[in-house]
Amino acid sequence: MNSVAPPRFQFEMFNLSQEGSIRVRTAWISDVHLGTRASGAARLLDFLREYDFETLYIVGDLIDIWQMRRSRYWPQQHNDVIQKILRKSRKGTRVIYIPGNHDEMISSFYGAYGDITIQKHAIHRTADGRRILVIHGHELDTVVQNVKWLAFLGDAGYQFLLSLNPLINFFCRRFGLGYWSLSAYVKQRVKDAVSFIGKFEAAVVRYAGRYRVDGVLCGHIHSAAIRKFGNVTYYNCGDWVETCSALIEHFDGRIEIVRKPDHGVLTPEIRPAPLVDAMA
């Protein structure tokens, strides 16, 4: 595969606001899990400062109410994320909040609150006219929907793996190595987990068929992706726990993944996920 220009040249394609932030049409974030020690709130704050957008979709699990029921943890940075989103809405950004399974309590408050709207799902129309269904994705997770005790148990195990990441990365830094996530490695390497992700993506696309859309966008599985399933494009905006990733739409309708690496600079994907036909 041919190499592409370094990230520093890619920034020339973006519009810059008067404050120096990068102007894009839309952004999607999900799975921030505020209220947990694993949340990448600091890196999300960098993203919110470095990008200016007309519409921000919060695609579920902004606040981890499951974890907050087990223990109380709410540092200032987590409060700063909420304040930054509210400040953007006051300055004209339209915020659409779609609750997930970890913040399902928010679904009791569907409705419009100034420039912030809380709703079950949304249909987003891109600048080039495509219709994209936006959901969190837990609706298609059979474990979350049908075996809730197993979902809670799995979440506790996942949180344990995340808790080991700081210790592992302490040694990685001591030996001059980059950030490495044990939980992400386990999720990507365990055969059943990989199988689940593939089945989940296919289920989300089938679900989108009833809405007759060109694409479907979700979060939930902490795995950022852009893939083609037949005539429908599947988008996942990732998370702010491990990959610290989001999706952005440019003013020409292009959608791409951006990541905020640990101790790094926020950059667009150097190699955006290929639009392969996953139904083949």
Side-chain angles (χ1 to χ4, degrees), residues 1-31 43-44 46-59 88 92-96 98 121-137 201 204-205 208 211-240 243-261 264-279:
M1 182 179 291
N2 293 331
S3 60
V4 296
R8 62 190 180 89
F9 295 116
Q10 295 202 24
F11 282 104
E12 296 174 6
M13 298 186 295
F14 292 104
N15 296 315
L16 297 178
S17 68
Q18 292 181 348
E19 293 78 18
S21 55
I22 302 166
R23 295 183 66 250
V24 295
R25 187 171 185 262
T26 316
W28 293 267
I29 61 172
S30 73
D31 298 274
R43 282 174 275 174
L44 176 57
D46 288 341
F47 172 79
L48 294 173
R49 293 184 185 113
E50 293 174 28
Y51 280 85
D52 184 27
F53 21 78
E54 294 178 353
T55 304
L56 170 66
Y57 286 90
I58 301 172
V59 193
K88 280 187 174 291
T93 297
R94 190 167 69 112
V95 178
I96 299 174
I98 297 169
H121 63 264
I123 300 291
H124 175 76
R125 187 173 289 277
T126 62
D128 54 4
R130 290 174 295 127
R131 296 173 71 249
I132 297 177
L133 171 67
V134 184
I135 59 174
H136 176 63
E201 293 174 347
V204 168
V205 171
Y211 292 91
R212 298 182 179 180
V213 291
D214 303 294
V216 58
L217 189 152
C218 63
H220 186 54
I221 61 171
H222 297 203
S223 184
I226 301 175
R227 274 190 268 279
K228 195 80 171 177
F229 286 74
N231 295 323
V232 177
T233 304
Y234 166 87
Y235 300 93
N236 193 299
C237 51
D239 68 283
W240 290 88
T243 63
C244 291
S245 53
L247 288 171
I248 57 171
E249 178 197 1
H250 298 280
F251 286 99
D252 59 1
R254 250 181 330 115
I255 296 176
E256 68 178 333
I257 301 170
V258 293
R259 299 186 190 275
K260 181 68 171 67
V265 178
L266 187 67
T267 62
E269 287 272 80
I270 296 177
R271 295 179 184 175
L275 293 176
V276 297
D277 190 342
M279 296 296 283

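Fair warning: this is a prediction, and the values are worked out from it, not measured in the lab.
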Point to revise | Set of residues satisfying side-chain hydrogen bond (donor to acceptor under 3.5 Å, both in side chains) with respect to Thr26, sequence neighbours excluded | key: Glu249
Check your understanding: Can you list the residues that meet the side-chain hydrogen bond (donor to acceptor under 3.5 Å, both in side chains) rule with Asp128, with sequence neighbours excluded?
Key ->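 Checked Asp128 against side-chain hydrogen bond (donor to acceptor under 3.5 Å, both in side chains); matches are Thr126, Arg130.
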Check your understanding: Taking the six-membered ring of Tyr51, is the NZ or CZ of Lys88 close enough (under 6.0 Å from the centre) and on axis enough (within 45°)?
Key -> no
Exercise for review: Can you establish whether the number of heavy atoms outside Arg94 located under 6.0 Å from its atom CZ is more than 12?
Suggested key: no
So which heavy atom on [X] is nearest to which on [Y], and how close?
{"X": "Ile29", "Y": "Ala246", "value": "CG2-CB, 3.9 Å"}
{"X": "Cys237", "Y": "Ala224", "value": "C-CB, 4.3 Å"}
{"X": "Thr243", "Y": "His222", "value": "CG2-O, 4.5 Å"}
{"X": "Arg25", "Y": "His250", "value": "CB-O, 3.9 Å"}

Practice item. Determine whether the aromatic ring centres of Tyr235 and Trp28 lie less than 6.0 Å apart. Key: no
Exercise for review: With the side chain counted from C-beta on, respond yes when Tyr234 and Glu201 share a heavy-atom pair under 4.5 Å apart, and no when they do not.
Suggested key: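 Yes. Closest side-chain heavy atoms under 4.5 Å.
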Practice item. Over 60° means perpendicular and under 30° means parallel, so classify the ring planes of His220 and His136, tilted if in between. Key: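 Perpendicular: the ring planes of His136 and His220 meet at over 60°.
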Practice item. Mind checking salt bridge (Lys or Arg N to Asp or Glu O under 4.0 Å) for Arg49 and listing every partner two or more places apart, or none if nothing turns up? Key: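 Salt bridge (Lys or Arg N to Asp or Glu O under 4.0 Å) list for Arg49, sorted by chain: Asp46.
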Check your understanding: Residues in side-chain contact (heavy atoms from CB on, under 4.5 Å) with Val213, at least two apart?
Key ->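 Here the qualifying residues are Ile123, Arg131, Leu133, Ala208, Tyr211.
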